[in-house]
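Note on naming: letters A, B, ... go to the chains in the order of the sequence lines (proteins, then strands), and numbering restarts at 1 for each one.
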Amino acid sequence: MDNIRIAEKFNHMAQMLEFKGESQFKTRAYTNAARTIKGLDEELQVLHKEGSIEDIPGIGKILKSKIVEMFETGTFEAYERTMDEIPAGIIEIMNVPGIGPKTARLFYEKLGVQTVDELSRAAREHRIRRLPRMGEKQEDKILRSIARQKEDKDHGRHPYVLAKDIAREITDNLKQSSDIEKVAVAGSLRRKQDTVGDIDLIAISEEPEKAISCFTGMEKVEEILESGTTKAAIIYPGNFHVDLRIVSRDSYGSMLQHFTGSKEHNIHLRKLALSKGYSLNEYGMTDESTGKLTKFSSEDDLYKNLGLEYLSPELREDRGEVEASLRGKLPKLIERKDIKGDFHVHSNWSDGANTMEELAEAAILRGYEYIAITDHSHSTGVANGLSDKRLLEHIDAIDKLNEKYDEIRILSGTECDIKADGKLDYSNDLLEQLDIVVVAVHAGLDQDRKKMTKRIVSALENEHVDIMAHPTGRKFGKRPPYDMDMETVIQAAKDNEKVLEINSSPWRLDLNDINAKRAKEHGVMLAINTDTHTIDHLDNVEFGINMARRAWLEPDDVLNTMSLKQICSRLDIPKE
DNA sequence: GCCGTTTTCGGCCCGACTGTTTTCAGTCG
């Protein structure tokens, strides 16, 4: 049982308890514990051996005993008992937007509805409207929600890069309006999460109702979900749920902070405010004893008033950032200007679109000191992987290219396949001739956890290997991460002094923030690579940096912030 | 179910919008 699975069980338990009508505080305890566990830097199994599970905030005696029970049996008794009490489809019904535990329970008790399909039928047959507090509109709303959910394969989440473009289009549109003074992106998009559920925008306007109708009246709006005097929500093409909140100038800082979240971060701030005698909301801070409201026009002022250093949006996940800020121990997050090169780039020797020259020139344009050309190895036949003979020619071609350029050093490399048995695609004799060896898994992705973990670890034990590329193999909308034990892989990287990649492709972002943070905590270095296949991809480094910042990475945690000189000495590459 | 330099009991973040109501419960973020 790893942390992710334990967190999932607790989340599921919380939903079942909600349905049963248990105390909201009890269900919240499960939800909080699940969230905390997901963000842990250590496996609970390890913490258990150290006897420190109960030190985790939000986990007390009872939840600890359930975790231990899961180590032994894969589940816990209360969970199984609750599962028996509740029809399996109920949770799915609660996941339909607009339907919460109370409504799901009402449908179950009065109509016997146990699945989403049965709910759909009940709505079509107009049986819903006969229930208390239900009507025609509710039936419509439920049917639309179910339809939207069905056509949405990605469970309402969109890759950051797509959401960013949509947000740009909408904010550009709103800026045209004379009733809107300023528009800003908030929510998970501003926190630069790898995927975002919906797009949150805030706008300053002295004419809120005009601003709202400008938003809901945009040409491409597919559906208006809600439209009030200060807030509206729409569906935009591509199944994007977009929220807009209107704010006056003097509360802008409070509102931006509030709608940037995360929810958990905000809850933490409000508790902190309460402990100082203030109540915090999206309009400002109210002194509990005098009732006086202080508004904040900037986020900076708000954080200062709470006794905190300014927190970058990427950190606002309640993963220890508030405590770190109180102690003045916030990380100095990595920035794009810190990046001095790229270690994962493909040329037209394998499946890239550009020549080595074009790649070198593009890297020079971006101010890089070095770039590694890492074409595929022969097992990846579909990508025109290099045979042993072509790899030697590849090395020669790079040598020649280096004679041409003074501004940049081109490193000879490979993205070498880790075969199913953990052996590498090239012999050690060949690998030794390269400046840098990046390894990756591309085939045989359905191996079981044990095999996959062993396969990766044995590659990391090879003395010539430098970097493990896209370590979990996930691709948004295509495939989940392959099954492996991240704890063991991170430990192997540590023991063998290997670097783990943050792959910057917006469809991969692998490692993600949580795993990258774990790697850092274990003292493993990371590389932010782009996996470039056409020169434009070099700019995807922006997305990798987003992940790195969310993982609390500082320049010293990242290999490609080093100068060429430092890289040569670390990787044992001849200087000329 | 968790937690505690006011508390081992009694708290647990805060507000907008909708649909159905004639004052509010439910949901969401």
Please work out if [X] contacts a base, only the sugar-phosphate, or nothing of the nucleic acid, heavy-atom cut-off 4.0 Å.
{"X": "A:Phe259", "result": "nothing"}
{"X": "A:Lys263", "result": "base"}
{"X": "A:Lys141", "result": "nothing"}

Rounded to whole Å, please give me the gap between [atom1] in [X] and [atom2] in [N].
{"X": "A:Glu209", "N": "B:dC17", "atom1": "CD", "atom2": "P", "value": "10 Å"}
{"X": "A:Met94", "N": "B:dT27", "atom1": "CE", "atom2": "P", "value": "9 Å"}
{"X": "A:Phe19", "N": "B:dG26", "atom1": "CZ", "atom2": "P", "value": "14 Å"}
{"X": "A:Ile53", "N": "B:dC2", "atom1": "CD1", "atom2": "C1'", "value": "16 Å"}
{"X": "A:Met255", "N": "B:dG29", "atom1": "CE", "atom2": "P", "value": "17 Å"}
{"X": "A:Leu293", "N": "B:dC14", "atom1": "CG", "atom2": "P", "value": "14 Å"}
{"X": "A:Asp198", "N": "B:dT27", "atom1": "CG", "atom2": "C1'", "value": "14 Å"}
{"X": "A:Ile246", "N": "B:dG15", "atom1": "CD1", "atom2": "P", "value": "20 Å"}

| What residue pairs, at least two apart or across chains, pass ring-ring contact (aromatic ring centres under 6.0 Å, His included) with a residue in residues 172-214 of chain A? |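 Sorted pair list comes back empty.
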| If you look only at pairs with a residue in residues 174-214 of chain A, which of them pass as a ring-ring contact (aromatic ring centres under 6.0 Å, His included), with sequence neighbours excluded? |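 Those involving residues 174-214 of chain A do not exist here.
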Short N/O separations, protein against nucleotides 7-11 of chain B, under 3.5 angstrom:
none

| field | Under the side chain to side chain donor-acceptor pair (under 3.5 Å) test, residues paired with A:Asn3 that sit two or more places apart | value |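 Not a single residue meets the side chain to side chain donor-acceptor pair (under 3.5 Å) criterion with A:Asn3.
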| request: List for me each residue that meets side chain to side chain donor-acceptor pair (under 3.5 Å) alongside A:His48, sequence neighbours excluded, and say none if there are none. | output: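 Side chain to side chain donor-acceptor pair (under 3.5 Å) list for A:His48, sorted by chain: empty.
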Neighbours of DNA chain B within [range], by heavy-atom distance under 4.0 Å:
{"range": "residues 278-291 of chain A", "answer": "A:Ser279, A:Leu280, A:Asn281, A:Glu282, A:Tyr283"}
{"range": "residues 57-71 of chain A", "answer": "A:Pro57, A:Gly58, A:Ile59, A:Gly60, A:Lys61, A:Ile62, A:Leu63, A:Lys66"}
{"range": "residues 220-231 of chain A", "answer": "A:Glu226, A:Ser227, A:Gly228, A:Thr229, A:Thr230, A:Lys231"}
{"range": "residues 106-140 of chain A", "answer": "A:Arg133, A:Met134, A:Gly135, A:Glu136, A:Lys137, A:Gln138"}

Considering only the [atom1] atoms, how many Å lie between [N] and [M], rounded to the nearest integer?
{"N": "B:dT27", "M": "B:dT20", "atom1": "P", "answer": "14 Å"}
{"N": "B:dC2", "M": "B:dT7", "atom1": "C1'", "answer": "14 Å"}
{"N": "B:dC17", "M": "B:dT23", "atom1": "C1'", "answer": "16 Å"}
{"N": "B:dG26", "M": "B:dT21", "atom1": "C1'", "answer": "13 Å"}
{"N": "B:dT18", "M": "B:dC12", "atom1": "C1'", "answer": "27 Å"}
{"N": "B:dG4", "M": "B:dT8", "atom1": "P", "answer": "13 Å"}

| request: Applying side chain to side chain contact (heavy atoms under 4.5 Å, CB included), name anything that partners A:Ala29, two or more places apart in sequence or on another chain. | output: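 Applying side chain to side chain contact (heavy atoms under 4.5 Å, CB included) to A:Ala29 gives none.
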| Pairs flagged by salt bridge (charged side-chain N to carboxylate O under 4.0 Å, His left out) wherever residues 282-297 of chain A is involved - sequence neighbours left out |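 Of all non-adjacent pairs touching residues 282-297 of chain A, those that pass salt bridge (charged side-chain N to carboxylate O under 4.0 Å, His left out) are A:Arg245-A:Glu282, A:Asp250-A:Lys295.
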Salt bridge check, [Y] against [X]: does any charged N sit closer than 4.0 Å to a carboxylate O?
{"X": "A:Glu317", "Y": "A:Lys517", "value": "no"}
{"X": "A:Lys329", "Y": "A:Glu323", "value": "no"}
{"X": "A:Asp539", "Y": "A:Arg336", "value": "yes"}
{"X": "A:Glu77", "Y": "A:Arg81", "value": "yes"}
{"X": "A:Arg319", "Y": "A:Glu264", "value": "no"}
{"X": "A:Arg5", "Y": "A:Asp483", "value": "yes"}
{"X": "A:Asp513", "Y": "A:Arg191", "value": "no"}

| request: For the pair A:Phe76 and A:Tyr30, name the ring-plane relationship: parallel under 30°, tilted 30 to 60°, perpendicular over 60°. | output: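 Ring orientation of A:Phe76 relative to A:Tyr30: parallel.
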| To the nearest 0.5 Å, what is the distance between CG (A:Leu40) and CG (A:Leu47)? |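 Reported value, rounded in 0.5 Å steps: 6.5 Å.
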| In the strands shown, is B:dC12 matched to any nucleotide by a Watson-Crick or G-U wobble pair with both distances under 3.5 Å, and which? |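 Pairing partner: B:dG1.
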Pair up each side-chain donor or acceptor in residues 7-17 of chain A with any protein partner under 3.5 Å, not counting sequence neighbours, and list the distances.
residue : atom : partner : partner atom : Å
A:Lys9  : NZ   : A:Gly74 : O            : 3.4
A:His12 : ND1  : A:Tyr79 : OH           : 2.7
A:Gln15 : NE2  : A:Asn95 : OD1          : 3.1

| said: For A:Pro97 and A:Lys271, find the nucleotide of DNA chain B closest to each by heavy atoms; which residue's nucleotide sits nearer the 5' end? | reply: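 Looking at DNA chain B, the more 5' nearest nucleotide goes with A:Lys271.
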| 5'-most by nearest nucleotide on DNA chain B - A:Leu274 or A:Glu54 |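 Result: A:Glu54.
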| Is the distance from OP1 or OP2 of B:dG1 to the nearest side-chain N or O of A:Ser23 less than 4.0 Å? |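 For B:dG1, OP1/OP2 do not have a side-chain N/O of A:Ser23 under 4.0 Å.
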| said: Any non-hydrogen side-chain atom of A:Leu326 less than 4.5 Å from a side-chain atom of A:Leu308? | reply: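 SC-SC contact between A:Leu326 and A:Leu308 confirmed.
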| query | Heavy atoms, side chains only, cut-off 4.5 Å: are A:Pro237 and A:Glu222 in contact? | reply |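 A:Pro237 vs A:Glu222: side chains touch.
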